[in-house]
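Starting from 1, each residue takes its place in the sequence as its number. Both counts, for ligands and for their atoms, begin at 1 and track the order of listing.
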Amino acid sequence: MTKENSVIEELAELKEQALSKISDSASLADLEEIRLAYLGRKGEVTSRLKSLGKLPPDLRPSAGQELNRVKRAIDEEITGRKESLQQKELNDRLVNESFDISQPGRHKSLGVFHPVAGIMEELIDIFTRLGFVVVEGPEVETDEFNFKKLNFPDDHPARDMQDTFYVKNGAKLLRTHTSPVQIHAMLKRNPPMSIIAPGRVYRCDSDVTHSPVFHQIEGFHIDKNVTMAHLKGTLELFVHRLYGKNTGIRLRPSFFPFTEPSAEVDISCMLCKGKGCRLCKGTGWIEILGAGMIDPNVLKEVDIDPEKWTGFAFGIGIERVAMLKYAIDDIRLLFENDPEFLRQF
Ligand code: DAH
């Protein structure tokens, strides 16, 4: 065999080897590796081209031509293989990413208002439509605002009505009701005024109908010639909006230090419609709030002249309203935040 023939044969072998590797390549990454091994800067074909000069002069032209042919053949083969691998990878992706259109859609579950927040919003809506303005006050209070200015005398048994959480060695306390917001508001504004104050309150008390934390809405209205009739009219309107027009309302004489006269307000039982059942303990009536005419002593505390101005006030327990509305018999359910329970509202 001539030298020339042996060089050509060697190059043919190199080409065959390269082409078979190319057609066996399984991925674009594999193919790139093969390309570098032959056509890269240090690849087999490239280095042979570089060392053409080392061949005897008479062999150089034919070896050079052949080498270039091999190079082109490998290059073309790589380009072709690259296209088919790209197509294959695209197909694989389409297959993997395709979805089953017969599958039911995944929908996001919508949140609901906590019943306490829902009732709170409803009450705020009813009263703001009547012209009441929302005001908030602090949850950590002083004895001065929670009791004294609300006409609770020192050591008066009325303080025992509300078991108090004291903080900071008794200098401060957690408000036991929203009534102190009346004082804050009256000190800041001049009458006439119509205000509601929603918020959290705290009492050292816990059983199926009492929670150490609960919510109230305080409401009050001060103007000239305000009477008990205005109070009853306002509450009747509120009760009708909340529980329906056929709900009856009655005021029973009661006692609160900050109102005179004071009343406990009952509504006709929504379960038995007044006939008498377990919920209303056979009376046909259910107590829902406390109210009264603002005591002149409270007005004097904040420099409002009780000869000129009068007012009514009321305090509503939100959990109680929610429990009655949704027939919930244990107040603790409202604080456990069990999603199964909350999803019902
Ligand atoms: N503050 C009272 C309580 O928590 C509720 C109350 C009763 C508020 C009568 C009032 C009212 O404004 O007039 O038990």
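- For ligand 1, the atoms closer than 4.0 angstrom to any heavy atom of G315 are 6 (C), 8 (C), 10 (C), 12 (O).
- With sequence neighbours excluded, the residues that form a side chain to side chain donor-acceptor pair (under 3.5 Å) with E32 are R35.
- Remark: of the listed residues V116, L289, L242, L242 is the sole one forming a side-chain contact (heavy atoms from CB on, under 4.5 Å) with V321.
- Each of the atoms 7 (C), 9 (C) of ligand 1 lies under 4.0 Å from some heavy atom of F256.
- Of all atoms in ligand 1, numbered sequentially from 1 with element shown, those under 4.0 Å from a heavy atom of Q216 are 3 (C), 4 (O).
- The aromatic ring centres of F127 and F238 sit less than 6.0 Å apart.
- Ranked by closest heavy atom to atom 4 (O) of ligand 1, the top entry among E218, E260, R203 is R203.
- Residue H177 has at least one N or O atom closer than 3.5 Å to an N or O atom of ligand 1.
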Candidate pair F220 and F314, rule ring-ring contact (aromatic ring centres under 6.0 Å, His included), full reasoning: CA-CA 6 Å; F220 69 98; F314 55 87; 9.0 Å; no

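- Note on ring orientation: taking the six-membered ring where Trp is involved, the planes of F152 and F258 are tilted (angle from 30° to 60°).
- The A313 neighbourhood of ligand 1 comprises atoms 12 (O), 13 (O), with distances under 4.0 Å to a heavy atom of that residue.
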Salt bridge (Lys or Arg N to Asp or Glu O under 4.0 Å) assessment of D125 paired with R129: CA-CA 6 Å; D125 185 59; R129 279 163 195 252; 3.0 Å; yes

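- Within ligand 1, the atoms closer than 4.0 Å to a non-hydrogen atom of G292 are 13 (O), numbered from 1 in the order shown.
- Residue-ligand proximity, Q182 to ligand 1, at heavy-atom distances under 4.0 Å covers atoms 12 (O).
- Taking a cut-off of under 4.0 Å to the non-hydrogen atoms of T259, the atoms of ligand 1 that pass are 13 (O).
- For the side-chain contact (heavy atoms from CB on, under 4.5 Å) with I304, the lone residue among I222, N190, L187 that qualifies is I222.
- Taking every non-hydrogen atom of S179 and a distance limit under 4.0 Å, the qualifying atoms of ligand 1 come out as 1 (N), 8 (C).
- At least one heavy atom of F258 sits closer than 4.0 Å to an atom of ligand 1.
- Evaluation of the side-chain hydrogen bond (donor to acceptor under 3.5 Å, both in side chains) test over residues 275-284, restricted to residues two or more places apart or in two chains, returns none.
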